[in-house]
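A short worksheet on the structure shown next.
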Amino acid sequence: EWCALVNQEKGDHGMPGNYKAGFYYLTGSEPVFSGGSQKGDPGFYFLLDQMVYRQGGPGSDQGLTPFISLLFQPKNRNLFPFFANGGLVYKGIFPSRPRDTASFGVVYGQYSSDLRSQQKKQGKPAQAAETVLELNYWVQLNNWFYIVPDMQYIIRPKGTNTPNAFVIGFQIGLDQW
């Protein structure tokens, strides 16, 4: 993995950003959609986030940060040979709640065309793509306890003609350190 951290040091006046590019290789034997198996499974990815608006002076972590990640893998043995997500994160959106974070994201996964071909040959519904829209709000109640209510709208669950779904959930977290 290659990584560049921009404006992350105390006293830096520019807005912080993180840029990553990576490659991985699984060494085992992987099943191939058309039958049999193939040794190894490579992939590469890009991840980046860059604050574009800062609330407060240098060193403040409050403000608006867009993010995006992209993943690419061989289509003959990976469910999602192309996967992407992106969105916006705003920390400190309310002055009275400086540690809370509001987030909106979009996740997209394109199913393998090789898998789709095999599904069609078998008379099964072919999976195309799935998209998830997500909105959440991280409520930091104190130094060690937070709650994150979450809403998701799933477009084409499982990549087929399954009806779209609306999901509501939440997370609760305790930090020990």
Donor-acceptor contact below 3.5 Å, side chain [X] vs main chain [Y]:
X: Glu1; Y: Lys20; answer: no
X: Asn78; Y: Pro81; answer: no
X: Arg99; Y: Leu141; answer: no
X: Gln122; Y: Lys120; answer: no
X: Gln119; Y: Gln127; answer: yes
X: Glu134; Y: Asp150; answer: no
X: Asn18; Y: Leu48; answer: no
X: Gln55; Y: Gly92; answer: yes

| request: Could you go through the side chain to side chain contact (heavy atoms under 4.5 Å, CB included) check for Phe170 and Val148 one step at a time? | output: CA-CA 5 Å; Phe170 69 94; Val148 186; over 6 Å; no
Atom of [X], atom of [Y] and distance for their closest heavy-atom approach:
X: Met15; Y: Val52; result: SD-C, 3.4 Å
X: Tyr90; Y: Leu64; result: CD1-CB, 3.7 Å
X: Arg156; Y: Asn161; result: NH1-OD1, 3.9 Å
X: Gly17; Y: Tyr19; result: C-CE1, 4.2 Å
X: Asp12; Y: Arg54; result: O-NH1, 4.5 Å
X: Gln62; Y: Met51; result: O-CE, 3.8 Å

Students should find that the hydrophobic cluster of Leu5, defined by side-chain heavy atoms under 4.5 Å apart, otherwise consists of none
For Val89, the hydrophobic cluster (side chain heavy atoms closer than 4.5 Å, chained through members) also holds Phe67
CA sep, side-chain torsions, deciding dist, call: Leu135, Tyr137, side chain to side chain contact (heavy atoms under 4.5 Å, CB included) | CA-CA 7 Å; Leu135 180 65; Tyr137 189 82; over 6 Å; no
| query | For Asn164, does the CG atom sit with more than 12 other heavy atoms under 6.0 Å from it, leaving out its own atoms? | reply | yes
For Tyr24, is the OH atom crowded, meaning more than 12 foreign heavy atoms sit under 6.0 Å from it? yes
Rounded at 0.5 Å granularity, tell me how far [atom1] in [X] sits from [atom2] in [Y].
X: Phe166; Y: Met151; atom1: CZ; atom2: CE; answer: 5.5 Å
X: Phe83; Y: Gln110; atom1: CZ; atom2: CD; answer: 12.5 Å
X: Leu70; Y: Asn85; atom1: CG; atom2: CG; answer: 8.5 Å
X: Ser103; Y: Ile93; atom1: OG; atom2: CD1; answer: 10.0 Å
X: Tyr108; Y: Thr131; atom1: OH; atom2: OG1; answer: 6.5 Å
X: Ile68; Y: Asp49; atom1: CD1; atom2: CG; answer: 11.5 Å

Between [X] and [Y], is there a shared hydrophobic cluster once you connect ILVMFWY residues whose side-chain heavy atoms come closer than 4.5 Å?
X: Tyr111; Y: Ile155; answer: no
X: Val139; Y: Ile168; answer: no
X: Val106; Y: Tyr153; answer: yes

Can you list the steps and then say if Asp175 with Asn143 is a side chain to side chain contact (heavy atoms under 4.5 Å, CB included)?
CA-CA 8 Å; Asp175 290 327; Asn143 287 337; over 6 Å; no
Residues at least two apart in sequence or cross-chain that pass ring pair (Phe, Tyr, Trp, His ring centres under 6.0 Å) with Phe82, listed by chain then number, are Phe72
The ring pair (Phe, Tyr, Trp, His ring centres under 6.0 Å) partners of Tyr146 (sequence neighbours excluded) come to Trp138
By side chain to side chain contact (heavy atoms under 4.5 Å, CB included), Thr162 pairs with (sequence neighbours left out) Pro157, Thr160
- prompt: Do Asn76 and Ser34 have side chains that get closer than 4.5 Å, going by heavy atoms?
  reply: no
| task | Could you label the plane-to-plane angle of the Phe23 and Tyr25 rings as parallel, tilted or perpendicular, counting under 30° as parallel and over 60° as perpendicular? | result | parallel
Sorted by chain and number, sequence neighbours left out, side chain to side chain donor-acceptor pair (under 3.5 Å) with Lys158 holds for none
